[in-house]
There are 2 protein chains.
Amino acid sequence: MSEFHANSSDPRITAPHIQAILSQHGYRLTGPRGWIVDQALQHDRPFTAEQLVAELRDHQDGRAAGIGRATVYRTLEILASVDVLSRVIQPNGSAAYVVEAPGHRHHLVCSSCGTTISFTACPVDTLVNTLTADTSFTIHDHLLEVFGTCPDCQEPADS
Amino acid sequence: MSEFHANSSDPRITAPHIQAILSQHGYRLTGPRGWIVDQALQHDRPFTAEQLVAELRDHQDGRAAGIGRATVYRTLEILASVDVLSRVIQPNGSAAYVVEAPGHRHHLVCSSCGTTISFTACPVDTLVNTLTADTSFTIHDHLLEVFGTCPDCQEPADS
DNA sequence: TCATTAGTTGAGACATTGTGTCAATTATCA
DNA sequence: TGATAATTGACACAATGTCTCAACTAATGA
Ligand SMILES: [Mn+2]
Ligand SMILES: [Mn+2]
Ligand SMILES: [Zn+2]
Ligand SMILES: [Zn+2]
C-alpha cells in the first residue's frame, strides 16, 4: 500500500542531476551551491543547516571553507523549494533537511537516534476534504511528522 | 463525524478549575501562575509566549508586571503538559498556545489572520498502525497542523 | 503559629536558528 | 567581451528559548 523509504537504501540523486534541476528553475550554477549540494549528498539522514555550515567550514577544499552562513541557509531553502531536499521537523521542534526522492512525503523520526523513514502515504488528504466542507477554509498546506523509537533504539524485551 | 471547535464558542474552562488541575499534578499555586492563567484565559485564539510576556509587563496589577520572562515560558509549558493549553505550530513555524477543551486535538490555522479551528478527528491513528507493522518502530507521538485561508480572509469571488 | 524544606521565581547571560542589508563578486547571455 | 542581474559574504539584528543561581515562598506538620 504505502511506499516506505529508508533513506540509506534509495537510488540516490546525483550532483549533476541536481545542478540540472537548479538550472531548469532559473538558478545559477555557482561554486558555493555546488559545494553545498556535494556536502548535502554526504548525508543519508536529516542534517541541520548549522551542521552543514560546520562541515563546510572544515572542508578540505579551502574554497568551500569560506562559504557564508547565510548562503548555506539560502541554498538549503532553494533546494527544498525545488524538491531536491525535504524539510523535516525534528522531535525537538527544530528544522532539518533530508535528501530524498521527490514528491509529497512525511517522516517517521526516531526520537532517540534520528533515523528517519519517509513515506508517501498521506492520511491528511481525506481529512482535507472534510475540513474544507465543514469550515469553508481554503486549505493550502499541512504539516505531519510521526515520532517514535526505531528497532535499534528499543530496549531489549528479554533478559 | 468530527467535532469542530471554533475557539470563541466553547464553554470556557475557569481559573479555579485550572488551579485545581495544577494542584492535582503537584504544582504549587503561586501568584505568578495565577496571573499567567488569568491572562491566558483572555485569549480565544493562539497567543505566543512573548505576547503574554508583553501583556503582563503592561498589566494594571503592578505585581503581575514584574513577572520574569522565563517564568512565563516555564508556566506555559506546564499548562500544556497538564492539557490546559495546547501547543499550536503557526504557519511561520513558531509555537503558540491555545486554551481549549482537553483531549487529543489538531488545528486548522488561517495563514492570513491566525484564526484557529481545532478538531478531534485524527487521521494519523490508522497510519500509526500501518507504520508500526511495517517499520517495527514504537510510535510515541505525532505532529499535525493544517494551514489554509479562512472564509473572512478569502478574496471575494465575484465583482 | 512557626520552622523546615523543596518548589518556584527573576535576572540576566547565553544559545540557537534565522533574517535583512549592502557592497563586492560572478554567472549568464547577447 | 561587456552588460546585467543574480549571488555571495560579512555582519548586524531579531526571535525564541534555555540555563544558572541566589533569593523567595507555598506547603507541610510539629
Ligand atoms: Mn501529507
Ligand atoms: Mn493526532
Ligand atoms: Zn533510533
Ligand atoms: Zn483568516
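Letters go in sequence order (proteins before strands), and every chain restarts at 1.
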Nearest-Å distance, [atom1] ([X]) to [atom2] ([N])?
X: B/Phe47; N: D/dT16; atom1: CZ; atom2: P; result: 14 Å
X: B/His25; N: C/dT8; atom1: NE2; atom2: C1'; result: 18 Å
X: B/Arg28; N: D/dA26; atom1: CZ; atom2: C1'; result: 5 Å
X: B/Ile89; N: D/dT16; atom1: CD1; atom2: P; result: 12 Å
X: A/Leu22; N: D/dA6; atom1: CG; atom2: P; result: 16 Å

For the backbone of [Y] and the side chain of [X], can you confirm whether one donor and one acceptor N or O come within less than 3.5 Å of each other?
X: A/Thr126; Y: A/Val124; result: no
X: B/Gln154; Y: B/Thr149; result: yes
X: B/Ser81; Y: B/Ile78; result: yes

- Item | Bending between helix ends of the helix from C/dT1-D/dA30 to C/dA30-D/dT1 [5 pairs per end, 10° resolution] | 30°

- Qualifying salt bridge (Lys or Arg N to Asp or Glu O under 4.0 Å) pairs, either residue in residues 59-80 of chain A, two or more places apart: A/Glu50-A/Arg69, A/Asp61-A/Arg63

- Message: Is it the case that over 12 heavy atoms from other parts of the model lie below 6.0 angstrom from the NE2 atom of A/His17?
- Response: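 At most 12 heavy atoms, drawn from other residues, nucleotides or ligands, come within 6.0 Å of this atom.
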
- Item | Residue pair B/Val146 / A/Leu143, side-chain heavy-atom distance below 4.5 Å |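 The answer is no; the side chains never approach within 4.5 Å.
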
- Query: Are the ring centres of B/His104 and B/His106 closer than 6.0 Å?
  - Reply: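 Centroid separation for B/His104 and B/His106: below 6.0 Å.
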
- Message: Across nucleotides 9-22 of chain C, 5' to 3', mark each nucleotide with B, S or - according to how protein heavy atoms within less than 4.0 Å reach it.
- Response: BBS-----BBBBB-

- Message: Looking at every heavy atom in both B/Gln19 and B/Gly34, which two are closest together, and how far apart are they?
- Response: NE2-CA, 3.6 Å

